Amino acid sequence: MVRTAVAFSPGHISGYFRRVEGIGPEDTGSVGAGVVISEGVRSTVEEARETGVRVVRQGHASAGSPPVEYALERLGITARVTTECRLPIGAGFGLSAAALLATLTAINRLFELGLSPDEVAARAHEAEVLHRTGLGDVAASMSGGIVCRTGAGIHGDITRIYPQEPLYAVSLGALPTASVLSSPAAMARIAAAFPDRCPRDLPDFCLLSRGFAEKSGLIAPEVRQVLVACDAERVPASMTMLGNGVFAAGDGAEQVLSLFGEVYRLRVARRGAYLIEVKP
Ligand SMILES: Nc1ncnc2c1ncn2[C@@H]1O[C@H](COP(=O)(O)OP(=O)(O)OP(=O)(O)O)[C@@H](O)[C@H]1O
Ligand SMILES: CC(C)(CO)[C@@H](O)C(=O)[O-]
């Protein structure tokens with residue numbers, strides 16, 4: 001009987017960010033604000049002679065995940081990994097970080113590595129930074145809330161607030177994170193657009209994020225169309241970083257976003273990654 005472990009990690013919608021260059025990956029990352037969301041990635045791991053990662057989204061499977069494979073190799077572990085998610089990958093929902101946190105949480109238990117949650121997060125963060133799949137998502141998804149990160153890395157200063165109201169999002173297509181993080185011009189615009197304070201609540205988060213998105217030059221025409229419709233209905237909204245998508249809050253948000261595609265109704269997560277079960 002093959003032993004398996006299953007874990008879950010929430011995703012993260014980043015509203016605004018600025019890269020922070022450290023000496024190594026542990027103190028490299030970003031400052032900024034985002035929402036840790038109720039949806040994320042469920043990862044099932046089992047012992048295997050060779051590592052293989054199967055990525056399943058709404059019943060469609062693909063093979064391979066460089067950041068996850070890297071993280072296992074760094075641990076000297078081989079395993080069969082299956083990750084499952086509903087939200088679209090590469091669309092600004094922080095699913096690479098969630099996949100890493102969920103997988104490493106399950107691996108830690110299955111192989112009885114004895115890593116602390118911080119050590120699990122440090123491994124996930126390292127893989128994200130080195131693969132340019134994220135900067136601050138792992139730190140954010142270590143717990144829940146609307147997060148404001150004022151320091152880089154998983155030990156950077158972070159504040160969290162936990163509003164009850166839902167957040168809505170629609171995706172208009174992927175925007176590979178690495179393509180933006182690898183562009184000096186884009187990163188210079190992003191740094192110049194960075195707001196200098198933390199959000200007070202969910203509407204304020206949308207407002208600060210929108211100002212950042214407008215100044216960053218990242219808004220694609222199809223995203224602009226959705227934001228204009230939200231403005232017409234006085235719905236606070238901004239662009240999911242980094243993805244061609246829009247998040248919005250408040251009355252009318254779900255209705256206006258439904259004009260542009262499938263609307264994801266999301267809650268602010270109350271916790272970070274956690275183990276679901278170990279069998280047998
Ligand atoms: N659910 C998943 N399971 C396994 N690997 C994943 C998953 N989601 C993303 N990845 C890995 O991370 C890589 C980069 O993903 P990317 O960062 O573009 O998506 P994202 O994290 O959803 O978006 P963002 O970082 O902008 O929020 C993917 O090419 C894949 O290798
Ligand atoms: C770079 C980023 C927007 C990618 O999701 C996120 O990791 C962040 O906010 O640092």
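Atoms within a ligand are numbered from 1 in the order they appear, just like the ligands themselves. Computed from a prediction, not measured in an experiment: that's the story for all the values here. Note: hydrogens, waters and symmetry copies are ignored here, and every other heavy atom, side chains too, is used.
- Using a 4.0 Å cut-off between charged nitrogen and carboxylate oxygen, Glu39 and Arg265 do not count as a salt-bridge pair.
- Scanning all protein heavy atoms for the shortest distance to atom 26 (O) of ligand 1 gives Thr177 OG1, 2.7 Å.
- Of all atoms in ligand 2, numbered sequentially from 1 with element shown, those under 4.0 Å from a heavy atom of Asp137 are 4 (C), 5 (O), 6 (C), 7 (O).
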- Message: Please determine whether ring pair (Phe, Tyr, Trp, His ring centres under 6.0 Å) holds for the pair Phe8 and Tyr274, giving the CA-CA distance in whole Å, both sets of side-chain angles, and the decisive distance to 0.1 Å.
- Response: CA-CA 6 Å; Phe8 173 83; Tyr274 59 89; 5.7 Å; yes
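- Counting heavy atoms under 4.0 Å from ligand 1, residue Thr133 touches it through both backbone and side chain.
- In this structure, the protein non-hydrogen atom closest to atom 15 (O) of ligand 1 is Ser96 CB, 3.8 Å.
- Counting only heavy atoms of the protein, atom 10 (O) of ligand 2 lies nearest to Ser30 OG, 2.6 Å.
- Listed by number with element, the atoms of ligand 1 under 4.0 angstrom from any heavy atom of Val41 are 1 (N).
- Interface of Leu95 with ligand 1, defined as ligand atoms under 4.0 Å from a residue heavy atom, comprises 7 (C), 8 (N), 20 (P), 21 (O), 22 (O).
- Within the 4.0 Å heavy-atom criterion, neither part of Ser14 lies near ligand 1.
- Counting only heavy atoms of the protein, atom 3 (N) of ligand 1 lies nearest to Thr83 OG1, 2.8 Å.
- Shortest contact from atom 28 (C) of ligand 1 to any protein heavy atom: Ile89 CG2, 4.6 Å.
- Proximity to Gly134 (heavy-atom distance under 4.0 Å) selects the following atoms of ligand 2: 7 (O).
- When ring centroids are compared, Phe205 and Phe247 come within the 6.0 Å threshold.
- Using a 4.0 angstrom heavy-atom cutoff, Gly92 counts as in contact with ligand 1.
- Residues Tyr70 and His131 place their aromatic rings such that the two centres sit under 6.0 Å apart.
- A pairwise comparison of heavy atoms in Ile37 and His12 identifies CG1-N, 3.9 Å as the closest pair.
- Residue Pro67 has at least one heavy-atom neighbour below 4.0 Å for each of these atoms of ligand 1: 11 (C), 12 (O), 31 (O).
- Closest of all the heavy-atom pairs between Val235 and Gly252 is CG2-C, 3.8 Å.
- In this structure, Arg160 is not positioned above the aromatic face of Tyr162 in the sense of NZ or CZ being under 6.0 Å from the six-membered ring centre and within 45° of the axis.
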- Item | Worked check of side-chain hydrogen bond (donor to acceptor under 3.5 Å, both in side chains) between Thr51 and Glu73 | CA-CA 9 Å; Thr51 290; Glu73 187 182 357; over 6 Å; no
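- The pair Arg224-Glu214 counts as a salt bridge, with a side-chain nitrogen and a carboxylate oxygen less than 4.0 angstrom apart.
- Regarding atom 27 (O) of ligand 1, its nearest protein heavy-atom neighbour is Gly94 N, 2.7 Å.
- Each of the following atoms of ligand 2 lies closer than 4.0 Å to a heavy atom of Met241: 3 (C), 5 (O).
- Taking every heavy atom of Ser65 and a limit of under 4.0 angstrom, the matching atoms of ligand 1 come to 4 (C), 5 (N), 6 (C), 11 (C), 31 (O).
- Annotation: Gly136 places an N or O atom under 3.5 Å from an N or O atom of ligand 2; distance criterion only.
- The residues Arg210 and Asp231 are annotated as salt-bridged, a charged nitrogen and a carboxylate oxygen being separated by less than 4.0 angstrom.
- Regarding atom 31 (O) of ligand 1, its nearest protein heavy-atom neighbour is Pro66 CD, 3.4 Å.
- Judged by a 6.0 Å distance limit and a 45° cone about the ring axis, Arg18 is positioned over the six-membered ring of Phe194.
- Looking at Arg149 against ligand 2, only its side chain comes within 4.0 Å, counting heavy atoms.
- For ligand 2, the polar-atom distance check against His12 finds no nitrogen or oxygen pair separated by under 3.5 Å.
- Remark: ligand 1 and Leu242 share an N or O pair separated by less than 3.5 Å (distance only, no angle test).
- By the 3.5 Å distance cut-off applied to N or O atoms, Val53 is not counted among the residues near ligand 1.
- At under 3.5 Å, a nitrogen or oxygen of Gly90, whether backbone or side chain, sits near a nitrogen or oxygen of ligand 1.
- The shortest non-hydrogen separation linking Val278 to Arg3 is CG1-NH2, 4.1 Å.
- Checked by distance only, ligand 2 and Leu135 come closer than 3.5 Å through their nitrogen or oxygen atoms.
- In summary, Asp137 and Arg149 do not engage in a salt bridge, as defined by a charged side-chain N under 4.0 Å from a carboxylate O.
- Taking 4.0 Å as the cut-off between side-chain N and carboxylate O, Arg57 and Glu84 do not count as a salt-bridged pair.
- Heavy-atom contacts of Ser14 reach the following atoms of ligand 2: 3 (C), 8 (C), 9 (O) (cutoff under 4.0 Å).
- In summary, the atoms of ligand 1 found under 4.0 Å from a heavy atom of Phe93, numbered by their order in the structure, are 27 (O).
- A donor atom on one side chain and an acceptor atom on the other are not found under 3.5 Å apart for Thr78 and Glu50.
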